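The figures here come from the full heavy-atom set of this structure, side chains too, leaving out hydrogens, waters and symmetry mates. In this chain, numbering begins with 1 at the start of the sequence shown. Just so it is clear, the structure is predicted and the values come from calculations on it, not from any experiment.
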Amino acid sequence: MTENIPATVPENMSLTVVANSCTSGACPTIYRTGSGSLVVQGYVVPARQAGVDVPDGEMLVEIPAELLAEALRNLS
């Protein structure tokens, strides 16, 4: 897999866990960056199989809906 990192991502990005599906860190997780944006770790969904055009530097990931709800609760 080719790593496709957008030019706007800082080299040393600090992430804080907002919500995750387990305690081991090897499962879908939502993080907050130092600038206040969010980073999502999930299962890669191939764009072609999903029938979606995704530009270079982006990818589709799947996370449980409950994880997004937990993240929203933790952010408010």
Can you sort out the partners of S14 under side chain to side chain donor-acceptor pair (under 3.5 Å), two or more places apart, ordered by chain and number? none

Would you say the side chain of T33 lies within less than 4.5 Å of the side chain of L38, judging by non-hydrogen atoms? no

Same cluster or not: V45 versus V52, using hydrophobic residues (I, L, V, M, F, W, Y) connected whenever any side-chain heavy atoms lie under 4.5 Å apart?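 Yes, same cluster.
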
Would you say Y43 and L60 are hydrophobically clustered, going by side-chain heavy atoms of ILVMFWY under 4.5 Å?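 Result: no, two separate clusters.
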
Any donor-acceptor pair under 3.5 Å linking the side chain of Q41 with the backbone of C27?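 Pair found, side chain donor or acceptor close to backbone of C27.
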
So which heavy atom on M13 is nearest to which on L15, and how close? SD-CD2, 3.6 Å

Who passes side chain to side chain contact (heavy atoms under 4.5 Å, CB included) against V40, sequence neighbours left out? I30, V61, I63

May I have the list of side-chain donor-acceptor pairs in residues 67-76 shorter than 3.5 Å, sequence neighbours left out?
| unit_1 | atom_1 | unit_2 | atom_2 | d |
| --- | --- | --- | --- | --- |
| N74 | ND2 | V18 | O | 2.7 |
| N74 | ND2 | E70 | O | 3.4 |
| S76 | OG | L72 | O | 3.2 |
| S76 | OG | R73 | O | 3.2 |

